[in-house]
Trainee: 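Structure in structure tokens, see below.
Worth saying up front: this structure is predicted, and the values here are computed from it rather than measured.
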Amino acid sequence: MVDLGAYGVKIETTLPLADAPADSSDTATTVTTFEGIVELVASTPIDSISGTSGVDTIDTGDTGVMVNGYGGADSITLGTSKDYVVLNSTDGSATKAGAATVTDFTNDTDVFLLNGFNKSTN
């Protein structure tokens, strides 16, 4: 039996799946691995908000959500409930101007989820 909580999940397949393009300028990519966080909750599911590779303005409101900006100089405003902000290793920027900004982060309530980062041996 699995308890309620957040679990890291990695699923791999030999059957390539096509990722749908976000818009006409985006191209589909082949997906053979899915990695992410799955949270098992009693009765209140967590909604998710996904941005684009461009600049997005995301406001989570007052219900807890999982936010993934997917790159770009996003402006992410968190609400009063527990929010999860996904940071992907492949969505970074070489400049501060190209980085996402997160406001209203509350320690011991909100959570950053690191996806695709490796532990440094230095």
Trainee: Side-chain donor-acceptor pairs under 3.5 Å in residues 96-113, sequence neighbours left out?
Mentor:
unit_1	atom_1	unit_2	atom_2	d
Thr103	OG1	Thr77	OG1	3.3
Asp110	OD1	Asp83	N	2.9
Asp110	OD2	Thr106	N	2.8

Trainee: With sequence neighbours left out, which residue pairs that include part of residues 47-72 fulfil the ring-ring contact (aromatic ring centres under 6.0 Å, His included) condition?
Mentor: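 Qualifying pairs: none.
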Trainee: Does a side-chain heavy-atom distance below 4.5 Å link Asp47 with Met66?
Mentor: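 No, too far: nothing below the 4.5 Å cut-off.
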Trainee: Could you walk me through whether Thr60 and Val67 pass the side chain to side chain contact (heavy atoms under 4.5 Å, CB included) test, one step at a time?
Mentor: CA-CA 8 Å; Thr60 66; Val67 179; 3.4 Å; yes
Trainee: Indicate, with yes or no, if Val85 and Val55 share a hydrophobic cluster defined by side-chain heavy-atom contacts under 4.5 Å among Ile, Leu, Val, Met, Phe, Trp and Tyr.
Mentor: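 No; tracing contacts between hydrophobic side chains, which count when under 4.5 Å, never links both residues.
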Trainee: With sequence neighbours left out, write down each residue that passes side chain to side chain contact (heavy atoms under 4.5 Å, CB included) with Asp56, or none if nothing qualifies.
Mentor: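 Result, side chain to side chain contact (heavy atoms under 4.5 Å, CB included) vs Asp56: Thr52, Ile58, Asp74.
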Trainee: Apply the test side chain to side chain contact (heavy atoms under 4.5 Å, CB included) to residues Asn68 and Asp91: give CA-CA distance (whole Å), side-chain angles for both, the deciding distance (0.1 Å), then the verdict.
Mentor: CA-CA 10 Å; Asn68 194 332; Asp91 292 340; 4.2 Å; yes
Trainee: Ser81: which residues meet the side chain to side chain donor-acceptor pair (under 3.5 Å) condition with it, sequence neighbours left out?
Mentor: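 Result, side chain to side chain donor-acceptor pair (under 3.5 Å) vs Ser81: none returned.
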Trainee: Nearest 0.5 Å, what's the CD1-CD1 distance between Ile49 and Ile76?
Mentor: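 Interatomic distance, Ile49 CD1 to Ile76 CD1, rounded to 0.5 Å: 9.0 Å.
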Trainee: I'd like to know if the side chain of Asn88 reaches the main chain of Thr90, judged simply by a donor and an acceptor atom lying under 3.5 Å from each other, with no hydrogens or angles considered.
Mentor: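 No; judged by distance alone, with no hydrogens or angles, the pair does not exist.
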